[in-house]
Structure formats: structure tokens, C-alpha cells
2 protein chains.
Amino acid sequence: MATATNHFPAAWLKSAGLGETIACELRLAIVNGSIPHGEKLSENRIAADFGTSRSPVREALKTLSNEGLIRLERMGAIVLGMGAREIQELYDVRYTIESFVQERMAERDTGALIRLLEQIIDKMELAAKHRDIVEFSYRDFSFHEAIIAEAKHNRMMQLWKSIRQLVMTVMLLTTEEVFAQGESKVAAVIGKHRTIVAALRSNDSAQIQQGVREYFADSYVTLRNSLPED
Amino acid sequence: MATATNHFPAAWLKSAGLGETIACELRLAIVNGSIPHGEKLSENRIAADFGTSRSPVREALKTLSNEGLIRLERMGAIVLGMGAREIQELYDVRYTIESFVQERMAERDTGALIRLLEQIIDKMELAAKHRDIVEFSYRDFSFHEAIIAEAKHNRMMQLWKSIRQLVMTVMLLTTEEVFAQGESKVAAVIGKHRTIVAALRSNDSAQIQQGVREYFADSYVTLRNSLPED
DNA sequence: ATCGGTATACTTGTCGACAACTCTAAAGTA
DNA sequence: TACTTTAGAGTTGTCGACAAGTATACCGAT
């Protein structure tokens with residue numbers, strides 16, 4: 001990646017505690033490769049870097065461990081990072097969750113959801129016009145979260161929450177790549193979201209499944225081209 | 001449930017820190033209903049109850065929050081608990097994960113896995129003979145975890161880890177119920193595991209999927225009968 | 001009696017300190 | 001030189017304390 005985002009968007013940290021802030025900053029650094037795979041992290045060092053005590057750092061490391069970005073060992077935490085395989089796996093999981101969720105939405109009133117999604121797409125277009133990467137990726141994220149939330153399945157929502165922040169971060173970097181590839185690429189991304197909405201509007205289970213499958217398969221090949229091959 | 005387990009098996013806490021221990025004890029209390037839905041938990045109170053400082057309690061509450069058993073609010077944590085719906089949802093997720101995993105196992109060498117699973121089933125039978133509920137449920141748990149681990153899909157494994165302990169606890173209580181229903185019921189549970197292995201041995205994707213689907217559908221109806229209806 | 005304001009007790013987030021443990025590297029011995 | 005032992009620096013887990021913020025109960029006024 002040419003110019004990777006160096007700091008987590010401050011707007012997204014609006015009402016976040018110290019622990020969450022540190023987690024977001026570290027997460028971004030790990031995902032974009034600033035902190036390389038295999039690095040050994042120490043609570044003391046991170047606390048010193050951020051100018052806090054170890055308590056919030058501890059919380060952050062636990063969070064990152066739950067997200068699978070680091071592995072907590074007896075001494076220090078080892079950075080696992082996100083290579084091509086890990087990104088692929090994340091897409092696998094996202095697909096699995098959305099597939100499950102949309103399956104359950106086939107025989108339900110999706111009117112309100114569809115209106116919300118269209119609204120979000122409008123905001124994506126606006127963000128695209130202004131070349132606002134942060135805003136665009138946030139709306140993209142909201143789009144998928146809105147779909148998942150609509151299923152009203154607490155346990156599945158919990159799974160989503162466990163990867164929510166990670167997905168958000170990956171999307172931020174991905175969107176950067178998409179924007180770098182030019183306007184037509186951005187338009188294509190928006191188009192894919194429209195396709196999802198269209199499938200959803202059909203209310204046909206098979207068509208919805210097909211739509212979701214294509215979306216993720218397509219998203220991944222798009223991304224694959226802009227990944228460091230390791 | 002007639003006689004619910006009151007304490008988390010000490011053997012399962014062998015190398016667990018204080019935080020994890022507290023999390024396990026609270027988890028069990030929430031799942032078996034000792035701590036009712038809606039209860040408000042305070043870090044200070046729990047710390048006093050367990051005779052520790054707030055640090056491990058804090059860690060435990062965060063864990064339980066990640067598992068969706070409680071909701072952290074500005075003041076206190078509210079217990080959400082596991083009613084019939086939550087159990088059903090947990091089974092949904094378990095089915096989704098195992099379905100994904102086994103799908104990927106169709107075209108793979110499952111020889112070693114099958115041998116391991118058969119070994120586990122043997123231990124289940126032994127535990128059944130000795131009426132050892134703790135051992136039995138642990139083997140049952142290991143059975144499913146072994147299958148999931150075999151897929152070697154880190155991200156999916158991470159999802160599993162996020163519900164691992166909860167599943168373990170629910171299984172412990174469920175197994176208690178199964179044993180209470182008599183020897184034939186226990187034998188039936190073992191039989192269902194054999195069916196899974198048989199399906200796996202067939203190496204046929206459709207048959208495996210069918211096997212997994214039946215397993216979870218069946219497991220849930222078994223359980224439903226022994227749940228407080230709320 | 002009801003409503004508004006204040007005091008109070010309780011809550012969380014963060015901090016610095018300490019003991020117990022682990023890895024490392026240097027020093028001593030064969 | 002190769003190996004064991006030992007001293008040291010660094011690490012985590014846990015603790016108690018404090019500030020900042022919040023719900024609650026009490027008290028006064030209308």
C-alpha cells in the first residue's frame with residue numbers, strides 16, 4: 001500500500017475511553033503493517049508511548065487478542081497481523097454472517113431497512129464526490145452493520161461485534177486503495193451495494209444469497225490486487 | 001432444572017488466573033439462573049464476594065460482556081442471561097460455524113481427525129458408565145472443538161473462541177439434564193456423535209451437511225424440553 | 001402533597017506500587 | 001572451550017487509592 005493511514009479517525013473515537021483509543025490505534029498500526037508480524041509488544045513500552053498507565057493498555061491488548069491480531073503469551077504479546085490469508089479469512093466470516101442474516105430476512109418486511117440502505121448509499125455517493133475516504137468507509141461499514149442488525153439475532157450480532165472494529169479498520173485501508181484506483185472503481189463499489197439492495201428488494205431467498213455471495217467474492221478479488229503478497 | 005451445578009469444575013480452572021476464574025463462576029451463575037435476568041452487578045460487590053480487588057473482576061465483566069451475558073452500562077452491569085431464545089440462538093451460531101467448517105473438510109484427509117473423534121467417543125462412553133457428568137460434557141465439548149480446529153481457519157477459530165466458554169458452560173448444564181433423563185438418553189447422545197463421524201467418513205459434502213444439520217436440530221429439541229419457558 | 005435542588009453515597013476509569021515469575025546474559029567451573 | 005549456576009533486568013497479575021461522574025434520597029419551598 002502506498003500511503004497508509006497513520007492515525008485512527010478522531011471522529012470515530014468520540015466517546016471512547018483510553019483503553020478503546022489505544023486499541024484502535026494499535027489495531028490500525030498492526031493492520032497497515034506499521035507494527036510488523038512477529039513483533040513483541042510490552043505493556044510497559046506501550047503505556048510509555050501513549051503516556052498512560054498500564055491499565056488501559058492491558059485492556060487494549062486483551063481486546064486485540066480477542067480479535068486475533070495478537071497472541072498473549074507468558075511474557076509479552078506477539079503480533080500476528082493481517083496478511084493476505086487473514087484478510088481472506090475475514091471475508092469468509094463476513095460472508096458467513098451476512099449470508100446467515102440475509103437468509104433470515106427473506107420472509108420479512110424489509111421496507112424500512114431498504115429505505116435506510118438507500119439513504120446510506122446516497123451518503124456514500126456524497127462522500128465519493130468530496131473524496132472523503134473516512135466518511136465513505138464509515139458509510140460502507142454502516143451499510144453492512146445495518147443489514148446485520150436487522151436480523152435481530154442477538155448471538156449473531158455478538159459475533160459481528162467481535163470483529164466489528166477490525167472490519168472497520170480494514171475497510172478504512174481498503175477504501176483508501178479503492179479511491180486511489182480512480183473514480184470508476186469507487187462507482188463500482190457503490191454499484192455493488194445497489195445490487196445488494198436490489199436483491200433484498202426481490203424478497204427471493206435464492207437471489208439474495210446469490211447477491212451476497214457475488215458481493216464478497218468480488219470484493220475480495222478487488223482487494224487482492226492491492227495486497228502485499230506474503 | 002432440578003439440581004443445577006453450583007460451582008464451575010475446579011479441574012477446568014487448572015491454570016486459570018483470578019479474572020478467568022471469576023468469569024467462569026459468574027458465567028455459570030448467570031446461565032443456571034442463580035443470578036437472575038435484570039440483576040445489576042457492581043464491581044465492588046463482586047470483588048468483595050470473591051475476596052479480590054476490582055482488577056480481576058473488571059476483566060471478568062469485560063469477558064462476560066463480550067460473550068453477551070451482561071451489558072456494561074455507565075453504572076453497573078445488567079445481567080442479560082440465557083433464556084430459551086438465547087439458547088436457540090447459540091445453537092444457531094454453533095450450527096453455522098460447524099457447517100462452515102465441515103463444508104471445508106469434504107475434500108480433505110480426515111483420517112487423523114476421525115481417529116481422534118472415535119477416541120473421544122470412547123471416553124464419552126467411559127464417562128457415561130461412571131456417571132461422570134463433568135467428564136462427559138468435557139469430552140462432548142472437545143469433540144466439537146476438535147472438528148472446528150481441524151479446519152485450520154484462524155478467523156473462524158476466533159469466533160469459536162469467543163463463545164467457547166459459554167458453550168462449555170451450557171453443555172455442562174445440558175449434560176446434567178441428559179443424565180437425569182436416564183441411560184437411554186445418554187446413549188442417544190453418544191449415538192448422535194457417531195452419526196457425525198459416519199457422515200464425516202463418507203467424505204460426501206451433502207451427507208456431512210445433512211449430518212450436522214440433523215445433529216443441531218435434534219440437540220435443540222432435546223434441550224427445549226428441559227428449559228424454563230420464558 | 002408535589003416539585004426542585006442539594007448533599008451524599010456509590011459507581012467507574014485510571015494510576016502507581018509491589019510481589020511473583022521468566023527470560024537473558026554474564027560469571028564461574030570443569 | 002563448553003556447561004552450569006547465578007545475578008539481573010524485564011515482564012505480568014494483582015492490589016489499594018484517588019478523581020470524576022451519576023443515581024438516590026433527603027430537605028426545603030411552594
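Lettering follows sequence order; numbering is per chain, from 1. Reckoned from all heavy atoms, side chains included, excluding hydrogens, waters and symmetry mates.
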Can you tell me which residue pairs pass the side chain to side chain donor-acceptor pair (under 3.5 Å) test with a partner in residues 120-136 of chain B, sequence neighbours excluded?
E125(B)-R194(B), R131(B)-E183(B), E135(B)-R139(B)
Qualifying side chain to side chain donor-acceptor pair (under 3.5 Å) pairs with a residue from residues 109-120 of chain A, counting only residues at least two apart or across chains:
E118(A)-R201(A)
Return the set of residues passing side chain to side chain contact (heavy atoms under 4.5 Å, CB included) with [X] (not counting sequence neighbours), or none when no residue passes.
X: R54(B); value: E43(B), N44(B), A47(B), R58(B)
X: E150(A); value: M105(A), L113(A), K152(A)
X: I46(A); value: I22(A), L26(A), L41(A), F50(A), V57(A), L61(A)
X: F141(A); value: E145(A), W160(A), R164(A), V167(A), M168(A), M171(A)

Tell me the salt bridge (Lys or Arg N to Asp or Glu O under 4.0 Å) pairs involving residues 27-39 of chain B, sequence neighbours left out?
R27(B)-E67(B)
Write out all pairs satisfying salt bridge (Lys or Arg N to Asp or Glu O under 4.0 Å) with one or both partners inside residues 7-21 of chain B, taking only residues at least two apart or from two chains.
none
Rounded to the Å, how far apart are [X] [atom1] and [N] [atom2]?
X: I78(B); N: dA23(D); atom1: CD1; atom2: C1'; value: 12 Å
X: R71(B); N: dT12(C); atom1: CZ; atom2: P; value: 15 Å
X: E59(A); N: dT12(C); atom1: CD; atom2: P; value: 13 Å
X: K62(B); N: dG13(C); atom1: NZ; atom2: P; value: 10 Å

Between the protein and nucleotides 15-19 of chain C, which nitrogen or oxygen pairs are less than 3.5 angstrom apart?
| from | atom 1 | to | atom 2 | distance (Å) |
| --- | --- | --- | --- | --- |
| dC15(C) | OP2 | S53(A) | N | 2.8 |
| dC15(C) | OP2 | S53(A) | OG | 3.1 |
| dC15(C) | N4 | S55(A) | OG | 3.4 |

Contacts of E25(B) that satisfy salt bridge (Lys or Arg N to Asp or Glu O under 4.0 Å) - sequence neighbours left out:
none
Mind listing the N/O atom pairs, protein and nucleotides 6-11 of chain C, below 3.5 Å?
| from | atom 1 | to | atom 2 | distance (Å) |
| --- | --- | --- | --- | --- |
| dT11(C) | OP1 | S42(B) | OG | 3.3 |

Between A77(B) and I70(B), the two heavy atoms sitting closest are CB-CD1, 4.0 Å
For a quick check under 3.5 Å, do Q88(B) and D92(B) share a side-chain donor-acceptor pair by atom type?
yes
Tell me the bend of the helix from dA1(C)-dT30(D) to dA30(C)-dT1(D) as the angle between end helix axes, each from five pairs, rounded to the nearest 10 degrees.
10°
Under 4.0 angstrom between R58(B) side-chain N/O and dG13(C) OP1 or OP2:
yes
